[in-house]
Amino acid sequence: MHIGNRIRDILTERGQSVVWLARQLSYSRTNIYKLFDKSTIDTGVLLRISIILHYDFFVEYSNEIKARQK
């Protein structure tokens, strides 16, 4: 799973803009675009994004772990 792509997808699904997310995180727009390029992300930042977007990205990681254990 490429977490940056998933964050961008969920942001789009929620109908929110990059500017909105940047404001919520106190990041610059440039840093949000850099975040979209990342395949991994700090768990603290991912927790904040999960709360802001009302989406549990950690469940996707848990599902990936379960799928790989089969």
Side-chain angles (χ1 to χ4, degrees):
M1 176 174 81
H2 189 285
I3 192 62
N5 287 341
R6 287 300 295 143
I7 293 168
R8 181 176 39 227
D9 292 346
I10 299 301
L11 183 67
T12 301
E13 284 178 22
R14 297 288 191 257
Q16 298 294 348
S17 69
V18 170
V19 171
W20 176 84
L21 184 58
R23 285 185 185 142
Q24 298 299 310
L25 291 169
S26 298
Y27 282 11
S28 68
R29 283 185 336 195
T30 302
N31 284 340
I32 298 298
Y33 287 113
K34 287 179 183 178
L35 186 88
F36 292 158
D37 290 334
K38 293 185 175 206
S39 61
T40 62
I41 187 173
D42 177 83
T43 55
V45 173
L46 187 58
L47 176 61
R48 289 177 60 207
I49 293 170
S50 293
I51 292 167
I52 290 165
L53 292 178
H54 304 286
Y55 186 86
D56 190 350
F57 291 97
F58 294 96
V59 167
E60 292 196 28
Y61 277 116
S62 293
N63 291 338
E64 188 171 323
I65 291 168
K66 290 173 189 172
R68 290 185 183 194
Q69 291 176 341
K70 291 182 181 180

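This structure is a prediction, so every number in the text was calculated from the model and none was measured.
Considering all non-hydrogen atoms of both residues, Ala22 and Arg29 come closest at CB-N, 4.1 Å. Among all heavy-atom pairs drawn from Tyr61 and Ser39, the shortest one is OH-O, 4.2 Å.
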Test side-chain contact (heavy atoms from CB on, under 4.5 Å) applied to Ile3 and Leu35, step by step: CA-CA 9 Å; Ile3 192 62; Leu35 186 88; over 6 Å; no
Residues Glu13, Tyr55; criterion side-chain contact (heavy atoms from CB on, under 4.5 Å); working and verdict: CA-CA 11 Å; Glu13 284 178 22; Tyr55 186 86; 5.7 Å; no
Verdict with supporting geometry, Val45 and Tyr27, side-chain contact (heavy atoms from CB on, under 4.5 Å): CA-CA 11 Å; Val45 173; Tyr27 282 11; 3.6 Å; yes
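Between Ile52 atom CD1 and Leu21 atom CG the span is 6.0 Å, to the nearest 0.5 Å. The CG atom of Asn31 sits 11.5 Å away from the OG atom of Ser26 when rounded to the nearest 0.5 Å. Distance check, rounded to the nearest 0.5 Å: CG of Leu46 to CG of Leu53 gives 10.0 Å. Residue Lys38 holds its NZ atom at 10.5 Å from NE2 of His2, rounded to the nearest 0.5 Å. Separation of atoms OG (Ser62) and CG (Asp56) is listed at 7.5 Å; rounding is to 0.5 Å.
No side-chain heavy atom of Ile41 sits less than 4.5 Å from a side-chain heavy atom of Phe57. Looking at Leu11 and Ile49, their side chains never come closer than 4.5 Å, going by heavy atoms from C-beta outward. A 4.5 Å side-chain heavy-atom check between Phe36 and Val18 finds at least one atom pair inside the cut-off.
More than 12 non-hydrogen atoms from other residues, nucleotides or ligands lie less than 6.0 angstrom from CZ of Arg48.
Without hydrogens or angle criteria, Glu60 side chain to Met1 main chain gives no donor-acceptor distance under 3.5 Å.
Between Lys34 and Asp37 there is no salt bridge, since none of the side-chain N atoms of the basic residue sits less than 4.0 Å from a carboxylate O of the acidic one.
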